[in-house]
Structure formats: C-alpha cells, structure tokens
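Proteins come first, then strands; the chains are lettered A, B, ... in the order of their sequence lines, and each starts at number 1. Heavy atoms only: backbone and side chains are in, while hydrogens, waters and symmetry mates are out.
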Protein chains: 2
Amino acid sequence: MRPGPRRSISQADIVDAAFEILEHKGMAAVSVRGVAAALGLTPTAMYTYFPSKNALLRAMVEQLLSTIDLAAASDPGVAWRDRVHAFAAMLLERLAEHAGALVLVTSGPLDGPHALGLNESLIAGFLGEGMPHADAARAALAVRAYVLGAAAIDAAERAGDAEVGAGAPSQALWTDATAFPLTAATADVASDDDGFAWGLDRLLDGLVRRAA
Amino acid sequence: MRPGPRRSISQADIVDAAFEILEHKGMAAVSVRGVAAALGLTPTAMYTYFPSKNALLRAMVEQLLSTIDLAAASDPGVAWRDRVHAFAAMLLERLAEHAGALVLVTSGPLDGPHALGLNESLIAGFLGEGMPHADAARAALAVRAYVLGAAAIDAAERAGDAEVGAGAPSQALWTDATAFPLTAATADVASDDDGFAWGLDRLLDGLVRRAA
DNA sequence: ACCTGAACACCGTTCAAGT
DNA sequence: ACCTGAACACCGTTCAAGT
C-alpha cells in the first residue's frame, strides 16, 4: 500500500505494516507471509530484517510501549498517581483491543529501551512516595503484573463472542444462580469498566501504605 | 501411547493427552493433529469431540483450574489469606511453567464451573473480611488480574532464553547502568521469586483496608 | 546487502464417504 | 455416532541462486 517506487524498507516500516494488519484483521493474520505481502515483499526477504517471527513480535511490543511512554509517563504537570493511571489505561486499551494481542507480551522479556524507560518511571514514582529502593522495584513489578493481567482478562472476555462452550459435557447451566450465587449476584459489577481503575487504586494504596 | 485395544475415547482423555504434549514439547506442539496422533486418531476425528482447537484449549483451562480448585480453595483449616496465596502460587506455577501456555487463558471467558467456583471462593473470602458486596466482586477480579499478569511476566522472562534482540537497531546497550539506573540497581530484586507473594500481600492490604 | 523461487515440514478445518 | 482419506488454504523457516 506504500505509494511510489519504494526502493528500500526499514524495520519500522515492517512493524507499522504488522500493526495495520493487527488492527484490521486480528492477531491471527499477523504472519511473516502476510506482512511481507502487504509490503510487496517475498516472505524470505523478511528474514533480512528479523531473524524470526518472534523477533518481529518483540519489535512490535517496543513500538507499542514507545507510544505509551511518550504520551503518559513524561508529563510532570500531573500528579504521579494520575500518570500511573494514564499509563495503565493506555496499555490496557491497546492490549485488550484485539484478543490474542497478548502473545506480544509473552514473546520475550520486556527489556527494550521503552519497556525499561516505563519501568524506570514507575520506580522513580514509588521512590518519590518515600519507599525503600528494593520495595520500589517490586512495586513496579506488581503494577505491571496487574495491568497485564487485566488486559488478559479483558481480551479473554472479548474473545468469547460467538463461542459455544464445548469444554465439559454438562456445563450449559453455568448461569444458574443457585450454583454460584455470589458470582451471579455481582455479574454486572464485575463487567464494570472502571473496576480496573478501582483495583489499581487499591493496589497503589497497599503499596504506598508501607511508606507512610 | 495408551495401552490395550482402546475402543472409545473421552473428552477428558483428549485434554490429558494435550497436557502431556504441553509438558514435554511445549505449547507450540499442542496441535489438533499432534494430539490426535498421540491418541492414535485421525485429525478429523478430533472434531467429533471439540468443534475447534479453541474449544479444546478452553477445556484445558477448566481441567487446569479444577486441579487448583480442589487442592487450595476448599480447605477451611487455614486462614483465608493463606488460601489465596496457595491458590495464586499454584496458578502462577502451572501457567508460567511453559511459555506460551497463557494463550489458554485468553482462549475465552473464564466461565467454566471450576473457574466460577474459584471466583466464588474469592468473593466469599472478601465478604468474610467485611467488604460490601460490589467491592468484593471487584476485589476478586483484581486478584485474578494480578495473578494472571504475574504469570505473563514470568513466562515472558522464561521465553527469552536463547533470544538475541533484533527489535530496534541500536539497543544492545540495555544493560548500561547510566541509561536506566534505577532498573539496573534493582535488577536482582525484581527477579526475586517471592516478589510475587509480596505484591499479592500489598494488593490484599489495599483491598481489605476499605473494610476496616 | 538485499531479494527471489522452490522446497520442507508443518498447521486448522471441511467434505464426502464409509461402518 | 464415530471414524477415515483427500483436499483446501494456509503457516515458519531454510537453502541455493541471482543482482
């Protein structure tokens, strides 16, 4: 789809093309062959830029985190807790957007420059709250875990649209209020959208309480 | 590999075979064709038992949660917080065991009987701490998110064993302490194994504080 | 250095046909 | 109802060869 008589292509171009496919056709369509075709390349030419499909996925993670990094983490005009919320909400939105996009985050350690930059911001924030150094690092890990897990749950719920349960023989009665009364009584609350922000606030409460 | 002149096969047999493949050859080897071959079946015969590969994955999730459900959630002899820790540790261990096993949890909503049973136990625990009904449901969601996210991070770190980073052009200097001093100074702490339990305790602190 | 064409060893899924 | 065999439309990756 690129205009003109393109001569050469960058890694960033490939990552962009991959995201465009992800957005329009889902994660299952993000294949080496598919991305190559979108760029007018042969599948084998892709291996000039990335040694494997997994390397492409990891580059996608970095690009994703870079957009979040710039927008949310570095604005000193707002309070620290609000910046954490902004970062978390953006990451959740981008990851849960398409079910299956979570394989990006399991494609390898989050050790790219933008991933580390975000972690750095998180740790700095906790240090600013008066936390000891070791606790701040673990607190940053906890926040990352919560956000990623929330994205996983969100994506999973989105994935079960037109799926008929075929797991166990007799489980069609799962909506039965007598079997799981507490879950049934709070089904509307659990699907509440700002339950995510509420839980994040509780986690931050528990983390910074140690400092006070 | 099943002995004797097997005549018929159950859904549970298929799920068991799938887990055996997962344990020995990883998630990538869990294919419709591979599971069928392990059972001496033709790939097409699998569609007699499950309408799709995704349905098989969802059945695997239920089987996985059932083992955890029985062992951790229902023992009233130990304190509630300890039971949450036991449940969380078991789920983390099983999910992070093999990188890529997290696609199980994104294969669809966690609406099977054992998934709902675990959620029921969590909500009941929070109610026992004096939480309002709506908050207890959201608290259970937060705990699930934290555990799942920790599993994702764990699996991702395990996945990057013999991977050489090919994401961005110039990122080989990521260990440079000057670029990310806080992350570098706490690298040993972040990979600490009981950072998971610590973070879970902080989350529970923040959640139950509302009740007190 | 960058790219092509052919090939290898796989996928999930469908369909007609057998018993 | 359960299973087979053949087929369709795909995968990731490697290798020899071109420029």
Side-chain angles (χ1 to χ4, degrees), chain A residues 2 4-15 17-18 21-22 24-60 99-101 103-104 106-108 159 162-164 166-167 169-170, chain B residues 2 4-15 17-18 21-22 24-60 99-101 103-104 106-108 159 162-164 166-167 169-170:
Chain A
R2 312 206 146 265
R6 150 203 45 70
R7 271 286 283 152
S8 198
I9 278 172
S10 72
Q11 285 183 326
D13 292 328
I14 295 178
V15 171
I21 293 176
L22 170 58
H24 291 92
K25 305 192 214 167
M27 197 63 198
V30 178
S31 62
V32 175
R33 295 172 120 103
V35 175
L39 291 166
L41 288 178
T42 266
T44 51
M46 295 282 291
Y47 289 83
T48 304
Y49 300 92
F50 297 98
S52 66
K53 179 186 179 179
N54 202 64
L56 168 60
L57 295 185
R58 297 190 65 180
M60 289 178 73
V103 304
L104 291 178
T106 57
S107 62
E163 289 275 350
V164 277
S170 57
Chain B
R2 313 207 145 265
R6 147 203 47 71
R7 269 287 281 153
S8 196
I9 278 172
S10 72
Q11 284 184 327
D13 292 328
I14 295 179
V15 172
I21 293 176
L22 170 58
H24 291 92
K25 305 191 214 167
M27 197 64 199
V30 178
S31 63
V32 175
R33 294 172 120 104
V35 175
L39 291 165
L41 288 178
T42 266
T44 51
M46 296 281 292
Y47 290 84
T48 303
Y49 300 91
F50 296 98
S52 67
K53 180 186 180 180
N54 202 65
L56 168 60
L57 296 185
R58 297 190 65 180
M60 289 178 73
V103 303
L104 290 178
T106 56
S107 62
E163 291 273 352
V164 277
S170 57

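- Nearest heavy-atom pair across Ala17(A) and Val35(A) is CB-CG1, 4.3 Å.
- With values rounded to the nearest 0.5 angstrom, Ile21(A) atom CD1 is found 6.5 Å from Ser31(A) atom OG.
- Rounded to a whole Å, the CG atom of Leu39(B) is 15 Å from the C1' atom of dC2(D).
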*Would you check, one step at a time, whether the test side chain to side chain contact (heavy atoms under 4.5 Å, CB included) holds for Leu22(A) with Met60(A)?*
CA-CA 11 Å; Leu22(A) 170 58; Met60(A) 289 178 73; 4.3 Å; yes
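- A sub-4.0 Å separation between OP1 or OP2 of dC2(C) and a side-chain N or O of Thr48(A) is absent.
- In this structure, the CG atom of Asp13(A) is 16 Å from the C1' atom of dC3(C), given to the nearest Å.
- dC10(D) sits 22 Å from dA9(C) when the P atoms are compared, rounded to a whole Å.
- With Gln11(B) contributing its side chain and Phe50(B) its backbone, the two residues share no donor-acceptor pair below 3.5 Å.
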*Tell me, what's DNA chain C's dot-bracket, Watson-Crick or G-U with both distances under 3.5 Å, | for other-strand, [ ] crossing?*
||.|||||...|||||.||
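- Atom-to-atom, CD1 of Ile21(B) to C1' of dC10(C) comes out at 14 Å; the value is rounded to the nearest Å.
- With values rounded to the nearest 0.5 angstrom, Met27(B) atom CE is found 11.0 Å from Thr106(A) atom OG1.
- Here dA1(C) presents its C1' atom at 14 Å from CD1 of Ile9(A), a figure rounded to the nearest Å.
- The 5' end of DNA chain D is approached more closely, in terms of each residue's nearest nucleotide, by Arg33(B) than by the other of Arg33(B) and Pro43(A).
- A close approach under 4.0 Å does not occur between any side-chain nitrogen or oxygen of Thr42(B) and OP1 or OP2 of dC3(D).
- Look at CE on Met46(B): it is 13 Å from C1' on dC11(C), rounded to the nearest Å.
- With hydrogens and angles ignored, the 3.5 Å screen pairs no side-chain donor or acceptor of Tyr49(A) with any backbone N or O of Ala12(A).
- dC11(C) atom C1' lies 12 Å from atom NZ of Lys53(A), rounded to whole Å.
- Side-chain N/O atoms of Tyr47(B) include none lying less than 4.0 angstrom from OP1 or OP2 on dC15(C).
- Using a 4.0 Å cut-off, no side-chain N or O of Thr44(A) falls inside it from OP1 or OP2 of dT4(C).
- The distance from atom CD1 of Ile14(A) to atom P of dC2(C) is 11 Å, rounded to the nearest whole Å.
- The NZ atom of Lys25(B) sits 13 Å away from the C1' atom of dC10(C) (whole-angstrom rounding).
- Going from atom CG of Leu41(A) over to atom OH of Tyr47(A) covers 13.0 Å, rounded to the nearest 0.5 Å.
- Residue Tyr49(B) places at least one side-chain N or O under 4.0 Å from the OP1 or OP2 atom of dC3(D).
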